[in-house]
Participant: 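So that we are looking at the same thing, I have put the structure below in structure tokens.
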4 protein chains.
Amino acid sequence: MIVYYRTMRVKDEIKERAIIEATVALVNEIGFVSSSVSKIAKRANVSPATIYIYFQNKEDLLVSTYVQIKTCIASALMEGFDPNLPVRDALLHAGENLFRYISNHTELFYFTEQFANSPYTDLVDKARLEGPFSPLFNLLQHGINQKIIKDVPFELLLAHLYQPIFSLVNPRINPDFKASPENIKLSMTMAWDAIKL
Amino acid sequence: MIVYYRTMRVKDEIKERAIIEATVALVNEIGFVSSSVSKIAKRANVSPATIYIYFQNKEDLLVSTYVQIKTCIASALMEGFDPNLPVRDALLHAGENLFRYISNHTELFYFTEQFANSPYTDLVDKARLEGPFSPLFNLLQHGINQKIIKDVPFELLLAHLYQPIFSLVNPRINPDFKASPENIKLSMTMAWDAIKL
Amino acid sequence: MIVYYRTMRVKDEIKERAIIEATVALVNEIGFVSSSVSKIAKRANVSPATIYIYFQNKEDLLVSTYVQIKTCIASALMEGFDPNLPVRDALLHAGENLFRYISNHTELFYFTEQFANSPYTDLVDKARLEGPFSPLFNLLQHGINQKIIKDVPFELLLAHLYQPIFSLVNPRINPDFKASPENIKLSMTMAWDAIKL
Amino acid sequence: MIVYYRTMRVKDEIKERAIIEATVALVNEIGFVSSSVSKIAKRANVSPATIYIYFQNKEDLLVSTYVQIKTCIASALMEGFDPNLPVRDALLHAGENLFRYISNHTELFYFTEQFANSPYTDLVDKARLEGPFSPLFNLLQHGINQKIIKDVPFELLLAHLYQPIFSLVNPRINPDFKASPENIKLSMTMAWDAIKL
DNA sequence: GATGAATGAGCCTTCATTCAT
DNA sequence: GATGAATGAAGGCTCATTCAT
């Protein structure tokens with residue numbers, strides 16, 4: 001009995017995951033614009049109708065995929081985050097996490113970039129996505145208080161800390177850039193120089 | 001009156017411009033994904049068929065629009081660029097140009113962001129777009145030689161110089177950020193701190 | 001009742017047949033050139049999109065229709081074919097079959113003529129269509145061996161045997177010709193005189 | 001003065017001929033269905049609008065082209081026709097003419113076949129096209145009267161005389177048939193056997 | 001007479017979604 | 001829950017034709 005019950009749940013999750021993975025894969029291959037529901041279905045080896053069991057509509061599928069990826073990126077960024085470390089070390093550690101994760105999951109990254117620059121973004125509850133970052137925000141605030149970090153709006157700090165990474169790691173923008181350990185180190189040093197007092 | 005002596009050519013340019021402007025406007029309003037040729041035509045007050053007189057196909061229209069905007073942004077960035085100024089001043093001046101231009105032309109910016117994150121980008125000859133920036137590249141190299149700027153790959157310098165701007169100025173990412181003169185100054189100072197030795 | 005135990009399959013075949021019949025009917029009425037997919041759909045009381053469930057594209061629809069008709073004509077021609085009859089009788093019987101079938105199915109005939117004179121023909125595997133005729137070919141060869149039929153290339157024999165029928169029966173070419181039993185007999189006699197030794 | 005006047009007329013005829021030749025060539029290459037006015041214009045190195053100076057509309061262009069070709073074929077067929085020759089010789093001579101002309105002008109032939117099997121045919125005044133053949137008709141009638149030719153409807157005679165040629169010479173139908181002198185002779189002999197008493 | 005520009009209508013095809021099973 | 005079939009609407013693009021020059 002229980003076995004059967006669990007099997008069903010597992011099956012469901014597998015199928016839902018397959019659909020989301022197909023979505024990401026397809027967007028990578030043919031782009032956001034050309035990724036239709038039926039193509040995604042074919043890629044996931046399910047019927048188009050099945051997608052509408054797991055997601056309300058195309059929009060819901062896309063938004064769910066985005067939220068899921070963003071959550072993954074967030075937890076990657078925050079992995080091993082230690083607020084007791086010196087501010088600089090903690091931030092650079094996070095930055096390196098980010099670099100590494102994105103470099104190893106270009107597909108995810110492509111999807112988020114295309115999604116974030118589409119009107120679909122407006123449907124996402126940004127606040128919810130920021131949750132996991134609160135330790136980092138606290139640390140930044142702490143750094144400001146301690147006169148270690150420039151006392152400027154948070155947006156400025158974040159933009160200078162992590163935005164360059166996203167462009168460097170994007171093959172479409174920097175096809176020749178290698179996310180080597182040295183380059184990562186260099187970039188994080190520069191980011192730190194930007195925000196430190 | 002002399003201006004109009006070749007009526008036909010003038011007409012052409014007006015119509016072509018109208019189509020491109022409609023493209024930008026529509027992408028702003030409903031997004032890249034939903035912007036169809038016929039909608040663009042309607043927006044530009046022309047027949048869909050007319051668009052195919054001025055552009056080979058949708059792809060060509062989009063790419064042309066992109067190249068045109070990028071060229072505008074480039075010349076805005078480089079406006080009043082003076083390589084004889086102290087490196088810092090010259091770079092910050094360019095940065096402020098960029099800030100200002102993008103802030104005042106959000107529509108253009110939206111278009112480029114959506115385009116750059118679509119497969120269409122791969123069709124653009126990037127090298128051609130970099131032409132106008134060579135004075136800036138030279139200045140950076142000069143700064144490196146003079147031990148004023150960090151001796152790191154160009155990509156790193158550019159990413160840290162101008163990438164934060166693009167995210168800060170994007171209302172979709174930073175809806176509350178104001179591109180006030182102070183904020184611009186602050187951001188440029190941070191960017192300079194990132195790249196200076 | 002047993003017939004309907006697989007309701008879905010039955011439905012499919014009915015719809016596919018409806019589409020093909022609509023194709024033939026439309027080509028008859030407005031011609032090959034003007035027969036668009038959406039007109040065919042309307043004629044068949046289905047959505048244009050439905051056609052693409054049963055056929056890969058317009059080309060496939062047209063080719064399939066052609067092959068189907070040609071198969072029908074072939075089996076009509078060969079109906080009651082008896083290689084044990086005297087050569088003359090067997091051939092004339094086939095010819096009369098052909099005459100009769102075409103006269104009674106002008107719509108089919110119109111379609112094939114328009115199709116055969118379009119570039120679509122090049123997509124058809126002619127060899128496959130010739131299969132049903134092999135008994136007839138054998139008989140011809142037999143007639144040659146027995147010195148009853150002229151020893152000339154098969155193409156010549158076939159052209160003189162059955163080609164006049166196609167033009168006679170075509171109202172577009174011979175609007176006043178009546179496929180009366182006498183006329184049919186006459187024509188077949190002439191055809192026989194052409195090929196007999 | 002006169003020179004200029006003649007030049008203009010010549011120019012016109014050249015252009016009209018260029019358009020018709022482009023039509024034939026295009027239909028040969030891409031088929032009747034795909035041959036659009038603008039493609040024909042491009043092929044003839046004229047503006048689409050120019051075509052509408054020489055022809056009322058597409059239909060008129062097509063019909064005119066057809067009539068012109070049919071006239072050429074007719075005069076080829078009747079070339080050197082000598083009603084004083086023995087009936088058989090005169091008819092076979094005409095048949096050989098036809099064979100030769102079509103073999104050497106496959107483009108023309110393709111066009112007529114596609115045209116004749118389209119609804120455009122209904123717009124042609126068939127009677128007018130038959131004019132040049134009256135000597136041939138008279139000869140046939142003479143042959144009937146002399147009990148040399150079967151006394152059957154004219155349509156039957158013509159169908160058996162010249163229809164096989166059209167199929168034999170059509171590479172779409174008989175890709176391997178060679179219009180060699182022997183084959184031509186053979187076919188004409190068969191045709192004669194069909195109609196002779 | 002000759003043209004490039006312009007167009008609404010229509011082309012073939014695919015879309016996001018729902019239905020019957 | 002899962003599906004293949006079905007669809008009206010819309011996609012990008014070309015059509016036959018006319019207009020202004």
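Below, read A as the first sequence line, B as the second, and so on, with proteins coming before strands; counting in each chain starts at 1. It should be emphasised that the depicted structure is a prediction, and the values quoted were computed from it without experimental measurement.
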Participant: Measuring to OP1 and OP2 of F:dA10, would you say a side-chain N or O of B:S38 lies under 4.0 angstrom away?
Facilitator: no
Participant: So, is A:S36 near the phosphate of E:dA16, with a side-chain N or O under 4.0 Å from OP1 or OP2?
Facilitator: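 Affirmative; the distance criterion is met.
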Participant: Do the side-chain N or O atoms of B:K15 get closer than 4.0 angstrom to the phosphate oxygens (OP1, OP2) of E:dA6?
Facilitator: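 Yes, because at least one side-chain N or O of B:K15 sits under 4.0 Å from OP1 or OP2 of E:dA6.
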Participant: State whether B:S47 places a side-chain N or O below 4.0 Å from either non-bridging phosphate oxygen (OP1 or OP2) of E:dA6.
Facilitator: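 Checking E:dA6 against B:S47, no side-chain N or O comes under 4.0 Å of OP1 or OP2.
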Participant: Check the distance between E:dG4's P and B:E16's CD and give it to me in whole angstrom.
Facilitator: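 Computing the B:E16:CD to E:dG4:P distance gives 18 Å.
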Participant: Does the side chain of A:K39 get closer than 4.0 angstrom to OP1 or OP2 of E:dT14 through an N or O atom?
Facilitator: no
Participant: So, does D:Y54 get its side chain near the phosphate of E:dA2, meaning an N or O under 4.0 Å from OP1 or OP2?
Facilitator: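 Yes, D:Y54 has a side-chain N/O under 4.0 Å of OP1/OP2 on E:dA2.
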Participant: Output the rounded distance in Å from CD (C:E59) to P (E:dC12).
Facilitator: 13 Å
Participant: If you look at every strand shown and take non-hydrogen atoms under 4.0 Å, does B:V37 touch a base, only sugar-phosphate, or nothing?
Facilitator: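 The residue B:V37 makes sugar-phosphate contact but no base contact.
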Participant: Could you state the atom-to-atom distance from NZ of B:K58 to P of F:dG12 in whole Å?
Facilitator: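 After rounding, the gap between these two atoms is 4 Å.
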Participant: In whole Å, I'd like the distance from the CD1 atom of B:I30 to the P atom of F:dG11.
Facilitator: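 So the CD1-P distance, B:I30 to F:dG11, works out to 8 Å.
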Participant: Can you check the D:K42 NZ to F:dT14 P distance for me, whole Å?
Facilitator: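 Taking atom P of F:dT14 as the reference, NZ of D:K42 is at 9 Å.
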Participant: Only pairs with both distances under 3.5 Å count, Watson-Crick or wobble alike; so what is the partner of F:dT21 in this structure?
Facilitator: E:dA2
